[in-house]
A.B. asks: 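Can you keep this structure in mind? I'll have questions shortly.
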2 protein chains.
Amino acid sequence: MQLEAIERRTTVDLVVDRIARVIKDQKLAAGSRLPGEHELVEQLQVSRPVLREALARLQSLGLVDIQRGRGTFVGDTTSLANCVRLLQSAVTISPQELLSYAELRSAIEVQAARQAAENATAKDIELLSALLKQLDDEELPYAEALEIDFRFHRKLIEIAGNVLMQNLMEVIYEFVLTQMVRTTPTQRENQLGRKLHKAILKAVRDHDPDAAELAMRKHMQAVLDRLRPQEFTNAK
Amino acid sequence: MQLEAIERRTTVDLVVDRIARVIKDQKLAAGSRLPGEHELVEQLQVSRPVLREALARLQSLGLVDIQRGRGTFVGDTTSLANCVRLLQSAVTISPQELLSYAELRSAIEVQAARQAAENATAKDIELLSALLKQLDDEELPYAEALEIDFRFHRKLIEIAGNVLMQNLMEVIYEFVLTQMVRTTPTQRENQLGRKLHKAILKAVRDHDPDAAELAMRKHMQAVLDRLRPQEFTNAK
DNA sequence: TCCTGTTAACATGTATTACAAGTTAACTCG
DNA sequence: CGAGTTAACTTGTAATACATGTTAACAGGA
């Protein structure tokens with residue numbers, strides 16, 4: 001006979017659920033005021049610290065907005081904002097390994113290149129073009145070239161128009177940029193990078209998502225290959 | 001003269017930031033134990049209710065996992081998933097938001113498929129194959145088919161071997177899965193999905209990253225196309 | 001009449017103390 | 001050696017008191 005685990009809920013859990021439910025069921029508008037703490041304590045028959053912990057949790061979820069001296073109000077949140085928050089947490093609890101970050105970067109850059117090719121305006125293309133022109137300067141110090149390189153990529157992400165990807169890429173850039181400043185690519189790698197940048201720009205200008213994807217994939221694969229252990233066999 | 005608003009931070013705010021920073025800066029592993037409440041109260045020189053409110057907030061974000069009698073731990077994938085579940089059930093998702101989630105999902109799934117094709121063991125392939133066999137059952141209720149579908153995808157992400165992407169996908173799946181339960185794909189979409197699942201499996205079995213990427217790209221593109229506003233022209 | 005200052009009422013923020021309830025390790029006994 | 005008990009540890013909850021911010025009402029002076 002297989003019995004299921006008994007689920008224990010703390011009083012704080014119950015209060016969180018109750019308040020969240022009331023907000024949802026009564027379709028309370030963002031900004032509408034909830035009863036004060038002392039009244040909620042009375043109504044829910046719980047202690048004030050329990051209520052405050054529940055409200056603290058709801059505040060983190062964006063479901064309520066606690067304003068000292070004024071009261072507690074229904075939060076003005078969106079699922080997108082919450083998703084961003086949770087994605088940040090997911091990043092924080094994940095191991096900080098350069099390869100992991102680079103793989104995620106690759107995933108996002110490729111998808112964003114497709115979307116940029118679909119979305120780009122003439123002005124966007126002009127700006128991307130100007131950035132690549134700056135990168136053509138052979139005298140450019142590496143750190144500066146890297147900075148402009150990342151601005152090119154950031155612009156593509158922006159054009160793609162997905163807030164989640166933008167937020168994640170800021171975290172990734174911060175981590176990856178720190179690491180990449182410490183390594184100098186070869187002349188050959190530089191030239192391949194430039195060539196692929198140009199191919200990406202052309203695909204975006206032509207509004208060709210498949211070409212953009214292909215060029216970005218190659219670009220990212222070159223970046224990943226530099227990071228992975230050198231394996232010359234595929235024996236598995 | 002224009003002065004800026006003075007930002008007031010409560011003690012709870014400060015404690016939240018401090019603990020989050022410690023977790024991040026010390027690269028604490030998911031599941032690692034934090035000092036007990038009484039010790040944290042001592043170290044941070046704040047009252048216990050303040051500390052508990054801060055921990056309650058961090059728990060809502062999935063950054064910590066509070067276990068009665070045992071201690072407080074850095075959040076892990078499971079505790080994060082529980083947070084996501086609670087949160088996403090409290091807010092409604094707009095079609096535009098759903099599209100954002102699906103785009104990020106697409107980015108990661110495609111990268112993961114490449115990596116799965118590089119990494120998969122015979123056992124992995126066997127398991128993937130068994131999942132697809134289950135999906136062949138035409139009598140399978142939609143909700144159940146969807147569940148197995150997501151297990152197939154989760155397995156691919158696992159094989160890819162990037163914990164960061166796994167954690168991010170746990171967040172995304174919660175947001176995406178709920179919506180998909182509510183919409184029933186057409187027979188044609190189902191068949192295309194099945195066909196592409198098989199192509200993905202074949203590519204993984206053959207250790208062919210390019211084929212895996214292509215099949216997954218098609219699969220994800222079909223998902224995205226269902227979500228996008230119906231535009232029949234590319235006039236831009 | 002209008003504006004400034006004061007006060008009281010209301011509301012959240014923080015601290016202290018005490019007890020409840022769950023977990024786990026160590027010890028004792030059969 | 002296994003089961004039961006106990007103590008130590010840990011989080012959960014309650015009660016009480018005070019601090020601090022907000023706002024409305026009122027009074028006084030120009």
Side-chain angles (χ1 to χ4, degrees), chain A residues 3-20 22-23 28 30-76, chain B residues 3-20 22-23 28 31-76 78-79 82-83 86:
Chain A
L3 298 180
E4 298 192 349
I6 294 176
E7 180 184 340
R8 270 161 303 191
R9 320 272 322 280
T10 64
T11 308
V12 175
D13 290 333
L14 299 178
V15 174
V16 168
D17 287 349
R18 170 66 67 79
I19 293 173
V22 167
I23 290 170
L28 299 184
S32 55
R33 193 173 175 287
L34 298 179
E37 287 179 7
H38 287 283
E39 196 178 331
L40 286 172
V41 162
E42 190 67 41
Q43 291 185 23
L44 296 173
Q45 287 293 301
V46 295
S47 74
R48 191 162 161 233
V50 162
L51 176 76
R52 287 189 59 84
E53 278 183 45
L55 289 174
R57 281 169 56 178
L58 290 164
Q59 179 173 28
S60 275
L61 298 177
L63 293 180
V64 302
D65 179 24
I66 302 168
Q67 298 178 27
R68 180 176 183 164
R70 293 181 186 172
T72 300
F73 303 85
V74 176
D76 181 15
Chain B
L3 297 180
E4 296 192 348
I6 293 177
E7 180 184 338
R8 268 162 303 192
R9 317 275 319 283
T10 64
T11 307
V12 175
D13 291 333
L14 299 178
V15 174
V16 168
D17 289 350
R18 171 65 68 79
I19 292 173
V22 166
I23 290 170
L28 298 185
S32 57
R33 193 174 175 286
L34 299 178
E37 287 180 7
H38 288 284
E39 196 178 330
L40 286 172
V41 161
E42 189 69 39
Q43 293 184 22
L44 296 173
Q45 287 293 300
V46 294
S47 74
R48 193 162 160 235
V50 163
L51 176 75
R52 290 188 57 83
E53 277 184 43
L55 289 174
R57 280 168 56 176
L58 290 164
Q59 179 172 30
S60 279
L61 294 175
L63 284 177
V64 303
D65 179 23
I66 301 168
Q67 297 177 29
R68 182 174 183 167
R70 292 183 186 172
T72 301
F73 303 84
V74 175
D76 59 14
T78 302
S79 62
N82 288 333
C83 290
L86 175 64

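Proteins come first, then strands; the chains are lettered A, B, ... in the order of their sequence lines, and each starts at number 1.
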A.B. asks: Could you tell me whether the phosphate oxygens of C/dA15, OP1 or OP2, come under 4.0 Å of any side-chain nitrogen or oxygen in B/S47?
C.D. replies: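 For C/dA15, OP1/OP2 do have a side-chain N/O of B/S47 under 4.0 Å.
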A.B. asks: List for me each residue that meets side chain to side chain contact (heavy atoms under 4.5 Å, CB included) alongside A/D13, sequence neighbours excluded, and say none if there are none.
C.D. replies: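 Once residues adjacent in sequence are excluded, the partners of A/D13 under the side chain to side chain contact (heavy atoms under 4.5 Å, CB included) criterion are A/R9, A/T10, A/R57.
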A.B. asks: Does anything in residues 35-45 of chain A reach DNA chain C, meaning a heavy atom under 4.0 Å, and if so which residues?
C.D. replies: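 Within this stretch, A/G36, A/E37, A/H38 sit under 4.0 Å of the strand.
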A.B. asks: Taking the side chain as every heavy atom from C-beta outward, state whether B/V50 and B/L14 have any pair of such atoms under 4.5 Å apart.
C.D. replies: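 Answer no - side chains too far apart.
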A.B. asks: So which nucleotide from D/dA14, C/dG13, D/dT13 ends up closest to the side chain of A/P49?
C.D. replies: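 Side chain of A/P49 sits closest to D/dA14.
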A.B. asks: Looking at residues at least two apart in the chain, or sitting in another chain, which of them share a side chain to side chain contact (heavy atoms under 4.5 Å, CB included) with B/R8?
C.D. replies: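 By the side chain to side chain contact (heavy atoms under 4.5 Å, CB included) rule, B/R8 matches no residue at all.
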A.B. asks: Rounded to whole Å, how long is the line connecting atom CD of B/Q67 with atom C1' of D/dT11?
C.D. replies: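 Taking CD of B/Q67 and C1' of D/dT11, I get 11 Å after rounding.
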A.B. asks: With a cut-off of 6.0 Å (strictly less than), are more than 12 heavy atoms of other residues, nucleotides or ligands near CD of B/E42?
C.D. replies: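 Check fails, neighbour count at 12 or below.
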A.B. asks: Whole Å only: how far is the CZ atom of B/R48 from the P atom of D/dA14?
C.D. replies: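 So the two atoms are 13 Å apart, to the nearest Å.
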A.B. asks: D/dT11 phosphate, OP1 or OP2: any side-chain N/O from B/T72 under 4.0 angstrom?
C.D. replies: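 Yes, B/T72 has a side-chain N/O under 4.0 Å of OP1/OP2 on D/dT11.
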A.B. asks: All N/O contacts under 3.5 Å from nucleotides 21-23 of chain D to the protein, with atom names and distances to one decimal?
C.D. replies:
unit_1 : atom_1 : unit_2 : atom_2 : d
D/dG21 : O4'    : A/R68  : NE     : 3.3
D/dG21 : N2     : A/G69  : O      : 3.3
D/dT22 : O3'    : A/R70  : NE     : 3.4
D/dT23 : OP1    : A/R70  : NE     : 2.9

A.B. asks: Considering only heavy atoms from C-beta outward, does the side chain of A/L40 approach that of A/V15 to under 4.5 Å?
C.D. replies: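 They are not in side-chain contact.
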A.B. asks: Just one of B/I66, B/N82, B/T72 clears the side chain to side chain contact (heavy atoms under 4.5 Å, CB included) bar with B/Q59, so which one?
C.D. replies: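 Testing each of B/I66, B/N82, B/T72 against B/Q59, the sole residue satisfying side chain to side chain contact (heavy atoms under 4.5 Å, CB included) is B/I66.
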A.B. asks: Please report the distance, rounded to the nearest Å, between CG in B/D13 and P in C/dT12.
C.D. replies: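 Going from CG in B/D13 over to P in C/dT12 covers 16 Å.
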A.B. asks: Scan residues 50-60 of chain A against DNA chain D and write down, sorted by residue number, each residue with any heavy atom closer than 4.0 Å; if none is found, say none.
C.D. replies: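 Heavy-atom cutoff 4.0 Å gives A/V50.
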A.B. asks: Partners of A/R70 by salt bridge (Lys or Arg N to Asp or Glu O under 4.0 Å), sequence neighbours excluded?
C.D. replies: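 Scan of A/R70 (salt bridge (Lys or Arg N to Asp or Glu O under 4.0 Å), adjacent residues dropped) gives none.
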A.B. asks: Please tell me if B/T11 has a side-chain N or O lying less than 4.0 Å from either OP1 or OP2 of C/dT14.
C.D. replies: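 Yes, because at least one side-chain N or O of B/T11 sits under 4.0 Å from OP1 or OP2 of C/dT14.
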A.B. asks: For B/E37 versus B/L55, what's the shortest heavy-atom pair and its separation?
C.D. replies: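 Distance-wise, the nearest heavy atoms are CG-CD1, 4.3 Å.
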A.B. asks: Return yes when atom CG of B/D17 has more than 12 non-hydrogen atoms of other residues, nucleotides or ligands closer than 6.0 Å, and no otherwise.
C.D. replies: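 Check passes, neighbour count above 12.
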A.B. asks: Looking across every strand, which nucleic acid part, if any, lies under 4.0 Å from B/R33 by heavy atom: base, sugar-phosphate, or nothing?
C.D. replies: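 Answer is sugar-phosphate: B/R33 comes under 4.0 Å of backbone atoms only.
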